[in-house]
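A short worksheet on the structure shown next.
Residue numbers run from 1 in the order of the sequence given.
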Amino acid sequence: MTESLLIDFPFFTCVVCTALLMMTQHRRPSPALRWLTVFFAVTGILYLGHDIYFRQEKNLLPMSDTLYATCNLLVYPLFYIYLCELTEARPRPRWHAWLLALPIAIGMAIGAVYCTMTDSETAHFIDHHLYHTQPCSNFSGIERWQAWLHAAAKVLFTLEVVGVLWMGSRKIRHFNRRVAQFYANTEGRAVESMHWLLIAFVVTSVVSIMANFIGRIWFGQSPWLLAIPSILFSSLLLWLAYLGMNQEFTARRLEQEALTQPAETEVEEGINEDETKSNDLYERIKQLVVSEKLYLKHDLKIMDLTQLLHSNRQYVYNAINKHMGVSFADYINRLRIEHAERLIEEHPEMSMNEVAESSGYHSLSSFYRNRKKFGKH
């Protein structure tokens, strides 16, 4: 009973998450959410093949192993495409199609080879390769081709994991920097939790790579061994679904909001900011932000500063970054937390909700997160 629950848990997790994401997509359509829904649907098929394998339903294995191999190679590219839709204003669909082409080609090749194998060859391959993971050199003829295709799938999976984790981390960092350049309140906009999720995927990916090279049957030798990847992946999938359903802000939205702002002062080509101009602009920023307490304005954007200063967004950001060594968001939130600390000392009767509201924050969670980062320790 315990083993059966452990086998089925990731599959049913994917089914539930796919249904929830489809409902969310119906209410709030977005390309990123659509790709995340596809990711969970494919992952569900992957774990269906996983279930058939561990239940040793060998008559279904040629079909389920083909689906498993294909979906196993598709999940990381699909996750990367989801990240691209989240963090890029103009994703490249042609490049995305190429990412999916090789996994599908290998899966089709595995299926085609199964179709050409005799019943005895199929049974021999399943018993000796899928369940006992014998090396390719132990097979001959069509079985060797099938073993080589499975080995190629394992190598490709490893390369996908490394590539997606590396490129995905870069995209998340770049997107979060852009958000911090534009908004003072980054909560609900930056994908900071997605970065931690990606780190968690590093850990689970090590398990995935080990499982691919050691062989899935090794995990089926004990319910407790099977519990490790089952619970780990199910927890991460639930976390990803939760983040996806709550992440409404994307790079497309960032670009739209930037385009709807009033026109800013044009940057003259060939003219660089000299030291005097940069210093002068920074003093004007301090006068406006600190002396006039503009940092207390809710949902402050860098464009608010550029309009009041009759300057350019890049000039303003460069001046803050050069003189303070921080992003626009960190500059504003540091001032807000300093203001909040003064309120707490001077008005102990104020509740934390009142302190947060008076310091420019819409939510306590954002206030506490920034207080932990910039407050007194």
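In this model, no donor atom of one side chain and acceptor atom of the other lie less than 3.5 Å apart for Ser327 and Gln181. Of the N and O atoms on the side chains of Tyr53 and Asp65, not one donor lies less than 3.5 Å from an acceptor on the other residue. Inspection of the Gln314 and Asn318 side chains reveals an N or O donor paired with an N or O acceptor under 3.5 Å. Judged purely by distance below 3.5 Å, without hydrogens or angles, the side chains of Arg336 and Asn185 pair a donor atom with an acceptor atom. Side chains of Glu85 and Thr250: a donor-acceptor N/O pair is absent below 3.5 angstrom, by distance only.
Exactly one of Tyr317, Phe249, Phe328 qualifies for a ring pair (Phe, Tyr, Trp, His ring centres under 6.0 Å) with Tyr183. That residue is Phe249. Remark: of the listed residues Val191, Ile172, Leu36, Ile81, Val191 is the sole one forming a side-chain contact (heavy atoms from CB on, under 4.5 Å) with Leu86.
A donor-acceptor pair under 3.5 Å is formed between the side chain of His128 and the backbone N or O of His124. With Ser358 contributing its side chain and Val355 its backbone, the two residues share no donor-acceptor pair below 3.5 Å. For the pair Glu187 (side chain) and Ser366 (backbone), a donor-acceptor distance under 3.5 Å is present. Of the possible polar contacts, one joining the Glu121 side chain to the Thr118 backbone as a donor-acceptor pair under 3.5 Å is found. Asp330 places no side-chain N or O within 3.5 Å of a backbone atom of Val326 that could act as its donor or acceptor partner. Judged by distance alone, the side chain of Ser234 and the main-chain N or O of Ile231 form no donor-acceptor pair under 3.5 Å. With hydrogens and angles disregarded, a donor-acceptor distance shorter than 3.5 Å links the side chain of His150 to the backbone of Gln146. Not a single donor-acceptor pair under 3.5 Å links the side chain of Arg371 to the backbone N or O of Glu341.
Ring centroids of His129 and Phe139 are separated by less than 6.0 Å, placing the two rings close together. Remark: aromatic rings of Phe9 and Tyr47 are distant, center separation not under 6.0 Å. Separation of the His323 and Tyr331 ring centroids does not fall under the 6.0 Å cut-off.
In summary, Glu88 and Arg252 do not engage in a salt bridge, as defined by a charged side-chain N under 4.0 Å from a carboxylate O. Salt bridge status for Arg253 with Glu248: absent, with no side-chain N to carboxylate O gap under 4.0 Å. Between Lys301 and Asp299 a salt bridge is recorded (basic side-chain N to carboxylate O distance below 4.0 Å).
Heavy-atom contacts from other residues, nucleotides or ligands closer than 6.0 Å to CH2 of Trp239 number more than 12. Within 6.0 Å of CE in Met167 there are more than 12 heavy atoms belonging to other residues, nucleotides or ligands. More than 12 heavy atoms of other residues, nucleotides or ligands lie within 6.0 Å of NE2 in His362, so this atom counts as buried by the packing criterion. Summarising the local packing, CZ of Arg144 is surrounded by more than 12 heavy atoms from other residues, nucleotides or ligands at distances under 6.0 Å. Counting heavy atoms of neighbouring residues, nucleotides and ligands inside a 6.0 Å radius, atom CE of Met22 does not exceed 12 of them.
In the hydrophobic clustering of ILVMFWY residues, with side-chain heavy atoms under 4.5 Å counting as a link, Met108 and Trp148 come out apart. Transitive grouping of hydrophobic side chains (ILVMFWY, heavy atoms separated by less than 4.5 Å) brings Leu100 and Val42 into a common cluster.
Annotation for Ile126 and Pro62: closest pair CD1-CD, 4.1 Å, computed over non-hydrogen atoms. Nearest heavy-atom pair across Ala190 and Phe175 is CA-CE2, 4.4 Å. Taking both residues in full, the closest heavy atoms of Gly244 and Tyr82 are given as CA-OH, 3.5 Å, listed atom of the first, atom of the second, then distance.
Note: Phe39 and Phe79 have tilted aromatic rings, judged against thresholds of 30 and 60 degrees for the angle between ring planes.
Counting heavy atoms from C-beta outward, His26 and Met23 have side chains that stay 4.5 Å or more apart. Leu73 is listed as a side-chain neighbour of Glu160, based on a closest heavy-atom distance under 4.5 Å.
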Verdict with supporting geometry, Leu281 and Ser311, side chain to side chain contact (heavy atoms under 4.5 Å, CB included): CA-CA 9 Å; Leu281 180 58; Ser311 184; 4.0 Å; yes

